[in-house]
Amino acid sequence: MLINKKNQVSKDWLDTLNPEQKDAVKTTEGPLLVLSGAGTGKTRVLTSRIAFILERNLSKPWEVLAVTFTNRAAKEMQQRVGKIVGPVAESIWIGTFHSIANRILRKHPKLVGLDNDFTILDQDDQLRLLKQLIEDDGYNLNNFTPKVLMSWIQFCKDKGLEPENVPFEMMGELSNCNVIDLYSKYQDKLKSLNCVDFGDLLLHCLNIFRDNEEILRKYQSKFKYILVDEYQDTNVCQYLWLRLISQMYRNLCCVGDDDQSIYSWRGAEVENILRFENDYDNSKVIRLERNYRSTPNILYAASNLISYNKDRLGKNLTAAYYDKQDKGDKITLRGVWDSEQEAHWVVSEVDSLHSKGNLLSSIAVLVRAGYQTLEFEEKFISSSIPYRVFGGPRFYERLEIKDIIAYLRCVCSDKDDLAFERIINKPKRGIGDSTLKKIRSNSKAYQTSLIQSARDLVETDELRSQTKNNLNILLSFFSEWRESLDILNPADLVKKIIEDTGYVEILKKDSSQESQGRVENLAEFSRTLEGWDTIKSFLDHVSLVMENEVSLSNDFVTIMTLHSAKGSEFDNVFLPGWEEDVFPHRRSLDESRVGALEEERRLAYVGLTRARNKVFISYAANRRIYNQWQSNLPSRFLSELPNEILDIITETGIVLGGKKHVSKLETSYINQNRNNDNNLDLSVGIRIFHQKFGYGKIISIDNNKLSINFEKAGNKKVLSSFVELPP
DNA sequence: GTTTATCGTATTTTT
DNA sequence: TACGATAAAC
């Protein structure tokens, strides 16, 4: 029960919601789908809804389950609910799909053949394990890489399929390499090591629900209200999981936006959201279409673009904060000669925004792929504008940190073979492949863990005395550390391990800035550990929360991929690289899947709708990718933006071709080396040939840049190295 | 067992 | 170009 004063506050938050939001908050009973467009306040709805449920005393806090995809989202929700309802928010089940599944799985590990203290593997470990299996069993991969097989297994898990349930069609091209068998062996191996991978967290949890009626009932009756964020990103496994767990009370509220589904390649199925009304009888759908973020112009552009997609539920976003007169600034569209100029232009615009009083933190550069960040970084550095690239290797993923974590894992558990393998020769101590192979075969023969089998081997004369010695030193360190487990706190133990192994010494010898950073990271790591009582609880945390918590004190420009931009917003957004083959990405065009291009378009939609006030889009006629110069046509998405809200500045001679889509043939590109000056005798009036644009006559020459009137493609500017004389 | 050379390959990555 | 994975050389 909440006291009066709180009620006062609560009343306030309810009153400031718009009618649709209020409806979504108050419709607590029955299945509810909230279609919430970008910037329509979905987090607000979710948090208010939880607060409403608690305030009306419809359930206890621990009977509410709220799932998200990212830790960031979970944390934000927890905090915002806490602001309304106070400390009781702590006992609400708020978390990512994986962390909730983990929490449940920890209670019943035996049911899926695991021990209480199972380890969660990351991608590295998963792959290492799989490679080992492939090697041990002499698999014929038919030219498929272990990575491909791994992602296939992951794909099955996303679909909620155990090896024995995988249908033949799912195997696709891999049907001739025994993948199902491999999948099955992989699962066995995981179990024998008492490990799970990320997919398993959900899959095991789902299987527990499927196979154990009483336990399923228990959770079904526990969670009276269930809320799901970003429903469009759920995969089949998550979908089935939600179906089961919500079956009793059926108070399932899913919030999502089909237009922002950009993770199909990770197993997400837009169909889940498209099907909601069919899946749940007597369900209600509420649309949130009032956008509190962007100007009318930006919304108009975004809506126009996304309208080219079929198979949408359809939404009309209207700008809440603007009146009919003020539509906001137009979208700036800039065409440039090459990617270097593009970066130059972006940085100069950033500079001018900054000098007009905009904080750098109000500015973001959103790119399609990681490699595009480089050129911007260089320009930002030379202009001494602070920036930060998001999505680089995260803190706990750094090599040195993973090494130390592996040490900790070994200390905690004798059985952690993968961790042991990782550090057995790190830092180098003269224990290489052949020794490891001996240990492995020994462990296989006697069914012991690697560490135990190493201990056994040291007692024999199987190893050379040098290696034997080295291994012995390591093993005695292990027992020493294990003894101090109860005496030292985690942070001190880490310091001891770092010292004993000489890890830092080695890094310090190498005076590159990189190892400098590594030393600092290690120091940072032991500081992080100071807040933890036991190493085990810390390790569990690490595997689920990979985020790098950096202090965000300074003002800087954000550079990130469009994918990681989902969920954030900025006053000023730069969207560079809008060219065919870059965005939409070449791979999505190659794919025969029709949906691939639509997903690219949704990505463009996500990009546009990140912006509050200003959008700057640019494209370059030439771009260096892997040191190859590529000339590209403007993205088809540009022609899907309404012309009247564009402010076009072009200097490439490449003019937008109206609504006409660029054909596949035209986009097929050629790679040529720019430096490969072909010393042609070029002069005005000469007829030349260009691989992409065909035949044309030279109009003018500016150093290596030529203006050419092409017979089919019209006037273009091209590099001289791209043209050849007709045969 | 460690270092060096060569080859191949290159989206997006919430956990 | 740059990184990783494998192969040959030290």
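Every chain is numbered from 1 and lettered A, B, ... according to where its sequence line falls, protein lines coming before strand lines.
A straight line from CD of A:Q630 to C1' of C:dT1 spans 14 Å, rounded to a whole angstrom. One interatomic measurement links the two molecules: CD of A:E76 to C1' of B:dT14, which rounds to 14 Å at whole-angstrom precision. Protein atom CD of A:E375 is 14 Å distant from nucleotide atom P of C:dT1, rounded to whole Å. Between the CG atom of A:L105 and the P atom of B:dT15 there is a distance of 19 Å, rounded to whole Å. A:Y371 places its OH atom 9 Å from the P atom of B:dT12, with the value rounded to the nearest Å. Atom CD in A:E599 sits roughly 15 Å away from atom P in B:dT14 (whole-Å rounding). For the pair A:D197 CG and B:dT15 P, the computed distance is 16 Å after rounding to whole Å. In this structure, A:F390 atom CZ and B:dT14 atom P are separated by 12 Å, rounded to whole Å.
An OP1 or OP2 oxygen of B:dT13 is reached within less than 4.0 angstrom by a side-chain nitrogen or oxygen of A:T561. Considering only side-chain N and O atoms, A:N71 lies under 4.0 angstrom from the phosphate OP1 or OP2 of B:dT15.
Distance CG/A:L418 to CG/A:D416: 6.5 Å, rounded to 0.5 Å.
Ring-base stacking between A:W265 and B:dT12 is satisfied, the centre separation being under 5.5 Å and the plane angle under 30°. Stacking of the aromatic ring of A:H585 onto the base of B:dT11 is found: the ring centres lie under 5.5 Å apart and the planes are inclined by under 30°.
The base of B:dT15 has none of its N or O atoms less than 3.5 Å from a complementary donor or acceptor on the side chain of A:R72.
Counting non-hydrogen atoms of other residues, nucleotides and ligands closer than 6.0 Å to CD of A:E340 gives a total of 12 or fewer. Around NE2 of A:H108, the count of heavy atoms belonging to other residues, nucleotides or ligands within 6.0 Å exceeds 12.
The nucleotide whose nearest atom lies closest to any side-chain atom of A:A369 is, among B:dT11, B:dT13, B:dT15, B:dT11. Taking only side-chain atoms of A:H563, from C-beta outward, the nucleotide of B:dT13, C:dA5, B:dT14 with the closest atom is B:dT13. Distances were taken from every side-chain heavy atom of A:R368 (C-beta onward) to each of B:dT14, B:dT11, C:dA5; the shortest belongs to B:dT11.
In this structure a side-chain-to-backbone donor-acceptor pair under 3.5 Å is missing from A:S588 to A:L597. Of the possible polar contacts, one joining the A:Q372 side chain to the A:R368 backbone as a donor-acceptor pair under 3.5 Å is found.
Between A:F574 and A:Y387, a ring centre-to-centre spacing not shorter than 6.0 Å is recorded. Between A:W578 and A:F583, the ring centre distance stays below 6.0 Å.
Looking at heavy-atom distances under 4.0 Å, A:Y263 makes contact with a base. Contacts of A:G199 with the nucleic acid, taken as non-hydrogen atoms under 4.0 Å apart, are absent. Note on A:Q123: a base of the nucleic acid sits closer than 4.0 angstrom, heavy atoms only.
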Enumerate all atom pairs, one protein N or O and one N or O from nucleotides 2-6 of chain B, separated by less than 3.5 Å.
from, atom 1, to, atom 2, distance (Å)
B:dT2, OP1, A:G430, N, 2.9
B:dT2, OP2, A:N425, ND2, 3.3

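Nearest-nucleotide mapping onto DNA chain B: of A:H98 and A:L436, the residue sitting toward the 5' end is A:L436.
Between A:R586 and A:E580 there is no salt bridge, since no side-chain N of the basic residue sits under 4.0 Å from a carboxylate O of the acidic one.
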